Amino acid sequence: MTPQVSKTFVGPVVWVAACALIDADGRVLVTQRPKGKDHAGLWEFPGGKIEPGESPEETLVRELYEELSVEPCLDCLEPLTFASHAYPDFHLIMPTYVCRQWDGFVRPTEGQATKWAWAEDIVRLPLVPADIPLAQQLAARLPKGRRFLR
């Protein structure tokens with residue numbers, strides 16, 4: 001017997017990779033969508049569309065350099081989870097990684113605001129819809145940030 005699967009969406013699938021950069025204190029970097037882009041003003045984890053021929057890890061190395069001027073190595077990207085989210089005109093699949101080591105300093109290059117925040121605080125930010133479950137996963141898995149304060 002074949003299981004019944006409901007089809008709630010018919011449209012293109014868009015693959016995007018995202019990364020939770022975690023600093024030495026355990027804070028996570030989020031970026032704010034700039035004016036003129038979909039979901040402007042909402043917060044998200046950095047990343048971008050996976051180009052043909054790219055792995056998600058290669059996408060993150062490219063996107064983090066282009067967007068934030070930081071260079072993670074492929075071996076520094078640790079798989080965390082993925083998101084599957086239906087938007088009105090496409091379905092997003094987003095593998096998400098954690099990175100705790102990179103070269104360079106965060107310098108946004110696309111006019112986006114950035115914020116280092118404790119994982120449990122990120123879930124209270126106005127987030128891009130697909131990033132909400134990712135923020136919840138991080139908050140559940142990372143130690144509470146306040147204990148890192150000295």
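Along the sequence shown, the residues carry numbers beginning at 1. In this text the structure is predicted, and so the values were computed from the model without any measurement.
Within the 4.5 Å cutoff, no side-chain heavy atoms of P133 are placed close to those of H85. Taking the side chain as every heavy atom from C-beta outward, P46 and E63 never approach each other to under 4.5 Å. Side-chain contact between L29 and W116 is present, with at least one heavy-atom pair separated by less than 4.5 Å. With a 4.5 Å cut-off on side-chain heavy atoms, T31 and E44 count as touching. In this structure the side chain of L138 never reaches within 4.5 angstrom of the side chain of T96, judged on heavy atoms.
Closest approach of V123 and E120 over heavy atoms only: CG2-O, 3.2 Å. Among all heavy-atom pairs drawn from G53 and E58, the shortest one is O-OE1, 3.9 Å. Nearest heavy-atom pair across V30 and L125 is CG2-CD1, 4.0 Å. Residues T114 and P108 share a closest heavy-atom pair of CG2-CG, 3.5 Å.
Here the side chain of R62 pairs no donor or acceptor atom with the backbone of E54 at under 3.5 angstrom. The backbone N or O of A130 lies less than 3.5 Å from a partner atom in the side chain of Y87, making a donor-acceptor pair. The backbone N or O of E66 sits less than 3.5 Å from a side-chain atom of T109, completing a donor-acceptor pair. In this structure a side-chain-to-backbone donor-acceptor pair under 3.5 Å is present from Q32 to G41. Looking at D131, its side chain does come within 3.5 Å of a backbone N or O of F45 through a donor-acceptor pair.
Note that the CD atom of E51 and the CH2 atom of W15 stand 15.0 Å from one another [nearest 0.5 Å]. Taking CG from D75 and CD from E57, the interatomic distance works out to 10.0 Å, rounded to the nearest 0.5 Å.
Note on L60: it clusters hydrophobically with L74, by side-chain heavy-atom contacts below 4.5 Å among ILVMFWY residues. By the rule that hydrophobic residues join a cluster once side-chain heavy atoms approach within less than 4.5 Å of another member, L77 and Y65 end up as members of separate clusters. L92 and W43 fall within the same hydrophobic cluster, defined by Ile, Leu, Val, Met, Phe, Trp and Tyr side-chain heavy atoms under 4.5 Å apart, directly or through other members. Note: the hydrophobic cluster containing V128 also contains L134 (ILVMFWY, side chain heavy atoms under 4.5 Å, direct or indirect links). Taking hydrophobic clusters as Ile, Leu, Val, Met, Phe, Trp and Tyr residues chained together by side-chain heavy-atom distances below 4.5 Å, Y97 does not share a cluster with I132.
For the side chain to side chain contact (heavy atoms under 4.5 Å, CB included) with V61, the qualifying choice from C76, S55, C19, P72 is P72, the only one to do so. When each of V28, L142, D25 is tested with W118 by the rule side chain to side chain contact (heavy atoms under 4.5 Å, CB included), just one qualifies, namely D25.
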In sequence, state the C-alpha distance, the side-chain angles, and the governing distance for W102 and L21, and then conclude on side chain to side chain contact (heavy atoms under 4.5 Å, CB included). CA-CA 9 Å; W102 57 88; L21 292 172; 3.7 Å; yes

Worked verdict on Q112 versus L68 for side chain to side chain contact (heavy atoms under 4.5 Å, CB included): CA-CA 9 Å; Q112 72 274 39; L68 300 170; 3.7 Å; yes

Intermediate values then yes/no, side chain to side chain contact (heavy atoms under 4.5 Å, CB included), R124 and D121: CA-CA 5 Å; R124 291 189 283 278; D121 294 334; 2.5 Å; yes

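Residues satisfying the salt bridge (charged side-chain N to carboxylate O under 4.0 Å, His left out) test with E110, not counting sequence neighbours, are K37.
Taking a 6.0 Å sphere around CZ of R141, one finds it holds more than 12 heavy atoms contributed by other residues, nucleotides or ligands.
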